[in-house]
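Structure, as structure tokens:
These numbers come from a predicted model, not from an experiment. Worth knowing before you read on, the calculation uses all heavy atoms, side chains too, and leaves out hydrogens, waters and symmetry mates. We name chains A, B, ... by the order of the sequence lines, and we start the count at 1 in each one.
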2 protein chains.
Amino acid sequence: MELTDRQKQILRAIVDIYVSTAEPVGSKAIAALPDVSCSSATIRNEMAELTQMGLLEQPHTSAGRIPSPAGYRFYIDELMQDYRLSMDETKSLNEALELKSQEFDKMMSQVGKLVSKMTDLPAYTVATRRSEAVAKHFDLIMAGPGSIILVLMLSDDQVKNKLIKLPVSVTEADLKLLAAVLNASLTDLTAEQFNGELLEKITRAGGAAGTLVPLVMDFTLECLRQQHGDVHLTGQMRLLGQPEYRDAAEKAQEVFETLDEDMISNLPAVLPKDGPVQFLVGPENVAKELKDTSVVMMRFDIGEGMQGTIGVVGPTRMDYAKITAKLGYFAENLGRMFQKTENPAMPPALAEGNNSTKE
Amino acid sequence: MELTDRQKQILRAIVDIYVSTAEPVGSKAIAALPDVSCSSATIRNEMAELTQMGLLEQPHTSAGRIPSPAGYRFYIDELMQDYRLSMDETKSLNEALELKSQEFDKMMSQVGKLVSKMTDLPAYTVATRRSEAVAKHFDLIMAGPGSIILVLMLSDDQVKNKLIKLPVSVTEADLKLLAAVLNASLTDLTAEQFNGELLEKITRAGGAAGTLVPLVMDFTLECLRQQHGDVHLTGQMRLLGQPEYRDAAEKAQEVFETLDEDMISNLPAVLPKDGPVQFLVGPENVAKELKDTSVVMMRFDIGEGMQGTIGVVGPTRMDYAKITAKLGYFAENLGRMFQKTENPAMPPALAEGNNSTKE
DNA sequence: GCTTAGCACTCTTTCCCTCTGAGTGCCAAT
DNA sequence: ATTGGCACTCAGAGGGAAAGAGTGCTAAGC
């Protein structure tokens, strides 16, 4: 696909204008731009050619042009200019980043809410495991008569817990013994290394609390096998703020019937290329219900073999540049927060400019 | 408010029909019902009177009648008949109740999703603390150089954890000592009993890991003070399936801008009466944005000083009887699952009829 | 006295028609 | 290659008119 400079300029202008107005762009509007020095007739000719090439579309004969999916893709890959966040935007992003929660899962969910709010679009977050996990520590805590809480720490710093209720009663000492056995024999093993033999061995060594072993091992295995953390999807309703969905509630509903949490965790599989920022433009999505929907996603690092993804869902007509800039800002600062901080609730990178003190 | 039997019958019929059709109900439609034996003219007279009494409304002169909020309230309080779940419904509820997750928080969120799916309306769940919580057990686990995971078990069987990163390095032994000190001095204390003196005492006793103490105490305090668990709100988009929101995306959006998670946890404060099932009908809600929105909520027991609430959000024109029946079924079985079960993933009440084996 | 049939009236909804205006595509001129 | 000009197209807005549903009232009936 080879475009002249002028064609590129026109395509870029059309995308930019259409993204902000949601109305087809006519040749006159382009010709009127300050840095365009040819007449609307010329623009019309160029537009006709761009349409020929499949980069533009015409909703109907007497309307202006809108970018086709291929047009967006070209724009993203080659024309998009870095969007500079304004001071105001940076400021509100900074304020938003003052995460309150301290538990990992809640933090991820909070991040999703923030991103959604800041972009005014639906957003999601997921944590994904980069490398194989192993158990790092087991703990068994007496919670009541016949109730035990199993706490499991994984190598990726996640902590999982499960309440186990038993018909037989066990003593604190029993639990302590079993915990020791578990810590000695089940830590640092990958899911593949679990087997029946191991189960038997531990049950034998586990003493009075041996009945617990199968439950513990099942749970551990389940945790180890979990590739993706929970998907936190929020702000679905914000999609309705977009003109293309304003009067098409049905379509909006369909989008999220299709794009459920399962689908979201499988999105990475259909990505066209690799890199920290990813764009899925309209029909590049697998499902036909998403043909008018785009997803921008960005990865960020969370320490210890984990990786976070923030995604924003919107109409294909989306301000890719702005969204990317905002996501980038989040990703950068979150990465910093998760990795180098003593107290994750206060990103050092932001500590200075951040004087908004609620509560 | 005194109604004749016939008036009650008519009001009930209007609510029932309107709930299922979402169209104003005319006198003819009522007269055509099998168990109504008077003419449409009589119905018209009665309807005029019910309108006079404020139980019915007329969207415009030449339309049928719809129930007013007062009409719904009367219906709920006096006319509503128990809805018997059909075999099919029971079956799909049973299948749905096969909860997969085993962690408390995830379970609650999953329950919300199920309820939303089963009612085809937005739903939420919250866990609320019934009595004051105390810490029951502390655990400090080494997660890496300078990284420590604090695991805190509360008297209500919740397990909270926090990743703490420290600039100074501590040894396993240091942590063990500190954990012992924490368990000896901070357990069984209510939030009120925390104070600076205590902090100092523990810090002194905490040895090398003493720097951790303020962080630990802050976190503990935060956990103890948390009255409500997370609100899990899902299925918002399903509101769009309702005719009253189908072409009023803006209204739907407003609903969930108003009814956010904060608002939801405060709902119990505005309830008109007490009991396990609660109805908030349209304008009984505090916010004017919710004047056409109703909430049905039901409480259920979760062991150990905790109480769960499931809520369903819908238009004022809502099948209160059916929703109540479904929520009741959930509440009953969840209560059973949470309390009497060995393995919360399998409610014994359902174990028999439940042969749908996925995975 | 309650009930009912009949009828005029009201008001929304739907359909169709026209008109307007934006924008195109092409042609001839520069 | 670019531009001004012009005929053409088509979606969307506006405006009745007609249809249809349902009411309220009145007068007759049981």
Side-chain angles (χ1 to χ4, degrees), chain A residues 2-11 13-15 17-18 20-33 35-68 71 243-244 246-248 317, chain B residues 2-11 13-15 17-18 20-33 35-68 71 243-244 246-248 317:
Chain A
E2 281 160 40
L3 299 193
T4 65
D5 279 353
R6 192 168 62 193
Q7 286 173 329
K8 286 184 188 170
Q9 187 190 14
I10 292 173
L11 178 55
I14 291 178
V15 173
I17 296 176
Y18 182 57
S20 64
T21 63
E23 306 265 295
V25 184
S27 53
K28 248 191 198 159
I30 303 287
L33 290 178
D35 52 348
V36 171
S37 56
C38 52
S39 76
S40 66
T42 311
I43 306 286
R44 275 203 289 285
N45 290 330
E46 297 283 31
M47 279 161 93
E49 195 159 338
L50 287 168
T51 308
Q52 196 77 31
M53 298 164 83
L55 296 175
L56 294 181
E57 281 174 357
Q58 231 173 337
H60 54 266
T61 341
S62 74
R65 300 299 210 289
I66 63 175
S68 72
E244 30 273 272
R246 182 125 283 232
D247 298 309
R317 175 199 61 78
Chain B
E2 282 160 38
L3 299 192
T4 65
D5 279 353
R6 192 169 62 193
Q7 285 173 332
K8 286 185 189 171
Q9 187 191 15
I10 292 172
L11 178 55
I14 291 178
V15 173
I17 296 176
Y18 183 58
S20 65
T21 63
E23 306 264 294
V25 184
S27 53
K28 250 192 197 159
I30 303 288
L33 292 178
D35 51 349
V36 170
S37 57
C38 52
S39 77
S40 67
T42 312
I43 307 284
R44 274 205 289 285
N45 290 331
E46 297 283 31
M47 278 161 94
E49 194 161 337
L50 287 167
T51 308
Q52 195 78 34
M53 299 164 81
L55 296 174
L56 293 181
E57 282 175 355
Q58 231 174 340
H60 54 265
T61 341
S62 74
R65 300 299 209 289
I66 63 175
S68 72
E244 29 274 272
R246 183 126 281 233
D247 299 309
R317 176 199 62 78

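Look at CD on A/E57: it is 17 Å from C1' on C/dG23, rounded to the nearest Å. Computed from coordinates, the B/E49 CD to C/dC2 P distance equals 11 Å when rounded to whole Å. Rounded to an integer number of Å, the gap from A/E46 CD to C/dT24 P is 14 Å. Atom pair B/H60:NE2 and C/dT10:P shows a separation of 14 Å (rounding to whole Å applied). If you take CG of A/N45 and P of C/dC27, they are 12 Å apart, rounded to a whole angstrom. Atom-to-atom, CD of A/Q52 to P of C/dG25 comes out at 10 Å; the value is rounded to the nearest Å. A/L56 has its CG atom 15 Å from the P atom of C/dG23, to the nearest Å.
Of the residues near DNA chain C, B/A41 and A/Q58, the one whose nearest nucleotide (by heavy atom distance) lies more toward the 5' end is B/A41.
At a threshold of 4.5 Å between non-hydrogen side-chain atoms, the residues B/I10 and B/L3 do not count as touching. With contacts defined as side-chain heavy-atom distances shorter than 4.5 Å, the pair B/L33/B/Q9 does not qualify.
B/E23 is linked by a side-chain hydrogen bond (donor to acceptor under 3.5 Å, both in side chains) to nothing, counting only residues two or more places apart in sequence or in another chain. Not a single side-chain hydrogen bond (donor to acceptor under 3.5 Å, both in side chains) links A/S62 to another residue, sequence neighbours left out. Considering only residues two or more places apart in sequence or on other chains, B/T51 meets the side-chain hydrogen bond (donor to acceptor under 3.5 Å, both in side chains) condition with B/R65.
Side-chain atoms of A/S27 never come within 3.5 Å of backbone atoms of A/I43 as a donor-acceptor pair (strictly under, hydrogens ignored).
OP1 or OP2 of C/dG25 lies within a sub-4.0 Å distance of a side-chain N or O belonging to A/R65. Contact annotation: B/R44 side-chain N/O to C/dG6 OP1/OP2 distance is not under 4.0 Å.
Using a 4.0 Å heavy-atom cutoff across all strands shown, B/A63 reaches sugar-phosphate atoms only and no base atom. Backbone-only contact: B/T61 has heavy atoms under 4.0 Å from sugar-phosphate atoms and none from a base. Residue A/S27 is classed as a sugar-phosphate contact, given heavy-atom separations below 4.0 Å to backbone atoms only.
Nearest approach of B/S68 to B/G54, heavy atoms of both residues: OG-O, 2.5 Å.
Contact footprint of chain A on DNA chain D: nucleotides with an atom under 4.0 Å from a non-hydrogen protein atom, first to last in 5' to 3' order, D/dT2 to D/dA11.
Sorted by first and then second residue, the salt bridge (Lys or Arg N to Asp or Glu O under 4.0 Å) pairs involving residues 40-60 of chain A (not counting sequence neighbours) are A/R6-A/E46.
The one candidate from B/P67, B/S20, B/P243 that meets the side-chain contact (heavy atoms from CB on, under 4.5 Å) condition with B/R317 is B/P243.
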Might you list the N or O atoms of the protein lying below 3.5 Å from N or O atoms in nucleotides 16-22 of chain C, with each pair's distance?
none

